[in-house]
Structure formats: C-alpha cells, structure tokens
Asks: 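One structure, pasted below without further comment.
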Amino acid sequence: MLEIQEKHSTEGYEKLVEAHSDVVMLHITEALDRGEVIGFIAYSYEGEITVVYDLDSHGDLMLCDGLVRSVLFKSCLKGISKCEFRLDDENKLGQLIKLRFLTENSRIAENIDSFMNGCENCKHNNN
C-alpha cells in the first residue's frame, strides 16, 4: 500500500542537503510501498513561498502527482499560496508541466489553494 510521509530527518539524503546547504530547513517527504522508499520530494518553506528543490518519482506521473500534492496541501495549511520548483532536471520539470502544476517557461505555481480546491468537484464533472 502506498504511503506518503514526511521524514523527520535528512538521513540518507546527505548529498541533497550538501547541495542545498544554504537552505535553513530542508524537509523530505517520502513515498513508501510496503515500507520501501519508492520516491521523495525535498522542499522548504521560505516565508510566503514553498520551494521544491528536488523530487524523484522514477518517471511515474501518478507518484509525482501525489508527492507534489502532499507538499502543496501542507503549504495551503500553512497559508502559503505559491510554490517555486527549483529543479535542474528538465525531465522532472516536464512531468510538472504534463501534470499542469506548471506552465511552459514558468517554475512558479501560484494560487495553489485554488488549484487544490479546483479538483473538489471533478467527480461531478461530466466532461
């Protein structure tokens, strides 16, 4: 069974922490399947914006969607309405565009609270 959980340490992510040593508090959320890590997302809350530094879903769009939505949801709960994706990998950015978290030539998702609520009535949409 898939679980998405925030990791309460950065153990195992030392290279990532080192690469982003300027980040005050790097958070890691992992996707687990039967206790085995199958993906992660690394991010921080920086004032009024959430910044995503890396994510790994092994190319699985649904897993990418779940990891990003978990971070956006937590951001909404904190009153944060913007998310910037500072990813170096064009393939990962491409996944975010396919999933409509980002538009072409943009690395910032704005109004994430309305984005998250936009799916509320999807099951009632006949289109």
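Worth saying up front: this structure is predicted, and the values here are computed from it rather than measured.
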Asks: Should side-chain heavy atoms under 4.5 Å link Ile, Leu, Val, Met, Phe, Trp and Tyr, which residues sit in the same cluster as Met62?
Replies: none

Asks: Rounded to the nearest 0.5 Å, what separates atom CD in Glu46 from atom CD1 in Ile80?
Replies: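 It is 9.5 Å, given to the nearest 0.5 Å.
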
Asks: Closest heavy-atom contact between Arg107 and Glu90?
Replies: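 Nearest heavy atoms, Arg107 then Glu90: NH2-OE2, 3.9 Å.
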
Asks: In terms of heavy-atom contacts, does NZ of Lys92 have more than 12 from other residues, nucleotides or ligands at under 6.0 Å?
Replies: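 Atom NZ in Lys92 is packed in, count exceeds 12.
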
Asks: Hey, could you give me the OG/CD1 distance between Ser57 and Ile41, rounded to the nearest 0.5 Å?
Replies: 9.5 Å

Asks: Heavy-atom distance under 4.5 Å between the side chains of Met1 and Asp33, does that happen here?
Replies: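 With C-beta onward as the side chain, the pair stays apart.
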
Asks: Can you tell me how far apart OG1 (Thr29) and CD (Glu6) are? Round to the nearest 0.5 Å.
Replies: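 The OG1 atom of Thr29 sits 4.5 Å away from the CD atom of Glu6.
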
Asks: Please report the interatomic distance CG(Asp88) to CG(Leu93), rounded to the nearest 0.5 Å.
Replies: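 It comes to 8.5 Å.
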
Asks: Check whether Ser106 reaches the backbone of Thr103 with its side chain - one donor and one acceptor, N or O, closer than 3.5 Å.
Replies: no

Asks: Report yes if some heavy atom in the side chain of Cys64 is under 4.5 Å from a heavy atom in the side chain of Gln95; otherwise report no.
Replies: yes

Asks: Evaluate whether atom CD of Gln5 has more than 12 neighbouring non-hydrogen atoms of other residues, nucleotides or ligands under 6.0 angstrom away.
Replies: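 Counting other residues, nucleotides and ligands, CD of Gln5 exceeds 12 neighbours.
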
Asks: Report all side-chain donor-acceptor pairs from residues 10-21 shorter than 3.5 Å, counting only partners two or more places apart or in another chain.
Replies:
| unit_1 | atom_1 | unit_2 | atom_2 | d |
| --- | --- | --- | --- | --- |
| Tyr13 | OH | Glu30 | OE2 | 2.6 |
| Glu14 | OE1 | Gly12 | N | 3.1 |
| Glu14 | OE2 | Gly12 | N | 3.1 |

Asks: Is it true that Ile4 and Leu26 fall in one hydrophobic cluster, defined by side-chain heavy atoms closer than 4.5 Å?
Replies: no

Asks: Is it true that a side-chain atom of Asp60 and a backbone atom of Leu63 form a donor plus acceptor pair closer than 3.5 Å?
Replies: yes

Asks: If we ignore hydrogens and angles and just use 3.5 Å, is the side chain of Ser75 paired with the main-chain N or O of Val71 as donor and acceptor?
Replies: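 Side chain of Ser75 to backbone of Val71, a donor-acceptor pair under 3.5 Å: yes, one is there.
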
Asks: If I take atom CD1 from residue Ile108 and atom CD1 from residue Ile49, how far apart are they, to the nearest 0.5 angstrom?
Replies: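 Going from CD1 on Ile108 over to CD1 on Ile49, the span is 5.0 Å.
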
Asks: Are Leu99 and Leu2 grouped together when hydrophobic residues (ILVMFWY) are joined by side-chain heavy atoms under 4.5 angstrom apart?
Replies: yes

Asks: Taking all atoms of both residues into account, what is the closest heavy-atom pair of Ile28 and Ala42, and its distance?
Replies: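 Here Ile28 and Ala42 meet closest at CD1-CB, 3.7 Å.
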
Asks: Hey, does Lys78 have a side-chain heavy atom less than 4.5 Å from the side chain of Tyr45?
Replies: yes

Asks: Out of curiosity, does Phe85 fall in the hydrophobic cluster containing Leu61 (side-chain heavy atoms, cut-off under 4.5 Å, transitive links)?
Replies: yes

Asks: Apply salt bridge (Lys or Arg N to Asp or Glu O under 4.0 Å) to residues Glu84 and Lys82 and explain how you reach the verdict.
Replies: CA-CA 7 Å; Glu84 181 179 355; Lys82 281 186 183 180; over 6 Å; no

Asks: Atom CZ of Phe101 and atom SG of Cys83: how far apart are they, to the nearest 0.5 Å?
Replies: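 The CZ atom of Phe101 sits 9.5 Å away from the SG atom of Cys83.
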
Asks: Should Val51 and Leu72 be counted in the same cluster of Ile, Leu, Val, Met, Phe, Trp and Tyr side chains packed under 4.5 Å apart?
Replies: no

Asks: Tell me whether Val68 shares a hydrophobic cluster with Leu87, the cluster being built from Ile, Leu, Val, Met, Phe, Trp, Tyr side chains joined at under 4.5 Å.
Replies: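 Val68 clusters together with Leu87.
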
Asks: Minimum heavy-atom separation for Leu67 to Gly39, with atom names?
Replies: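 What the structure gives for the nearest pair is CD1-C, 4.2 Å.
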
